[in-house]
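Each chain gets a letter, A, B and so on, in the order its sequence line appears, and its residues count up from 1.
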Amino acid sequence: MPEGPETRRAADQLALAVVGQPLASAWFAFPELKPFEASLPGTTVTSITPHGKALLTRFDNGWTLYSHNQLYGVWQVVDAGERPDTTRSLRVALETSERAILLYSASDVAIWRDEDLVRHPFLSKLGPDVLDTSLTAAAVAKRLQQPAFAGRALSVLLLDQGFLAGMGNYLRSEVLFVAGIAPQRTPADLTVAERKRLAQALLDVPRLSYGTRGILPSTGMRAEYLTDTPEGFQFKVFDRDGLPCPQCSKRIVRKELGGRRLYLCKTCQQ
DNA sequence: CTTTAAACCTGCTGGC
DNA sequence: TGCCAGCAGGTTTAAA
């Protein structure tokens, strides 16, 4: 599944559909979750919130559905009783009297007691959510200087969910380009001005993507959630190797760093 | 400790 | 049209 901005968009739409309404039915493809088909109906979904790329769906009976879509999970909002997608495998269906939210293909799904979530192996390791509105550039700049992060190459650090949750591979290329910083640099070897630029870009780029409804099919990427997308986030460098840099017109190059593809302008990112 | 590589889950795309 | 290899915006695990 996509990155932080797309995950938060999905959470928004799912919440609009079912939060505050009592569940009429619940269905799970996973054997260990079958008991909840009997206990969840009648409870109310109190919130659906992203934590990085994970989604937490809370019920008012003290239990929470954890899901992570990896590359392939897809959420849909449909009318109650509808199951329009026949090609993917349905994994979760939560239904109110009016609407249903359906999770297809995802394999990382579990239900936890609220009080146990702090010990969840993935959630417990996440850094602050990059799209959290209370996160400031000053706080990000400070975090960059923490010993656990300061010595690591930005190409690796920017994908580490323990640094900032919700960052991902397209955001990595875009953030480094906007900040004008080469991916091999580390936080420790940045000047004060560079660190400030990077911290600001780490907030601005994900927020712009979220605000413009994430990535669109025209970029060559999938965008399963985006049924209402007039705008869309435009890549400046990601997936654009060989094309001219929007700032200096030199060719954008593609590299492999941290095991993932990364795009940059060698002139603008020294 | 940091970094890299491979494995894993599933779906899509492009080539034959 | 059908099949298959390769790739993917992610994460974990093991190895270097």
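For the residue pair A:Asp12/A:Tyr210, the side-chain donor-acceptor check at 3.5 Å is satisfied.
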Give every pair of a protein N or O atom and an N or O atom of nucleotides 11-15 of chain C that lie under 3.5 Å apart, one pair per line with the distance.
residue	atom	partner	partner atom	Å
C:dT11	OP1	A:His68	NE2	2.7
C:dT11	OP2	A:Lys53	NZ	3.0

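In this model, the phosphate group of C:dA8 is approached by a side-chain N or O of A:Arg261 to a distance below 4.0 Å at OP1 or OP2. For the pair A:Arg91 and B:dT10, the criterion of a side-chain N or O lying under 4.0 Å from OP1 or OP2 is met.
One atom, CZ of A:Arg88, and another, C1' of B:dC12, lie 10 Å apart when rounded to the nearest Å. Rounding to whole angstrom units, CG of residue A:Leu158 and P of B:dT3 are separated by 13 Å. Between the CZ atom of A:Phe30 and the C1' atom of B:dT10 there is a distance of 12 Å, given to the nearest Å. What separates CG of A:Leu171 from C1' of C:dA8 is a distance of 16 Å, to the nearest Å. Distance, A:Leu154 CG to B:dT3 C1': 15 Å, rounded to whole Å. If you take CZ of A:Phe149 and P of B:dT3, they are 13 Å apart, rounded to a whole angstrom. Taking atom CG of A:Leu71 as the reference point, atom P of B:dC12 lies 12 Å away to the nearest angstrom. Between the CD atom of A:Gln184 and the C1' atom of B:dT4 there is a distance of 16 Å, given to the nearest Å.
Of the candidate nucleotides B:dT4, C:dA8, B:dT2, C:dA8 has the atom lying nearest to any side-chain atom of A:Arg254. Checked against B:dC12, B:dT10, B:dT3, the side chain of A:Ala153 finds its nearest nucleotide in B:dT3. Of the listed nucleotides (B:dT10, B:dT4, B:dT2), B:dT10 has the atom at the smallest distance from the side chain of A:Ser107. The side chain of A:Tyr72 sits closest to B:dC9 out of B:dG11, B:dC9, B:dT4.
Taking a pair to require two hydrogen-bonding distances under 3.5 Å in either a Watson-Crick or a G-U wobble arrangement, C:dA5 pairs with B:dT13.
Within the 4.5 Å cutoff, the side chain of A:Pro84 has heavy atoms near those of the A:Val78 side chain.
Within the nucleic acid shown, A:Gly259 has no heavy atom closer than 4.0 Å to any nucleic acid atom.
Under a 4.0 Å N-O distance rule, the pair A:Asp239/A:Arg261 qualifies as a salt bridge. The pair A:Asp129-A:Arg8 meets the salt-bridge criterion, since a charged nitrogen lies less than 4.0 angstrom from a carboxylate oxygen. Between A:Glu37 and A:Lys34, at least one side-chain N (NZ, or NE/NH1/NH2) sits under 4.0 Å from a carboxylate O, which counts as a salt bridge.
Side-chain atoms of A:Glu95 come within 3.5 Å of backbone N or O of A:Gly81 as a donor-acceptor pair. Although no hydrogens or angles enter the test, the distance criterion places no donor-acceptor pair under 3.5 Å between the side chain of A:Glu98 and the main chain of A:Asp79.
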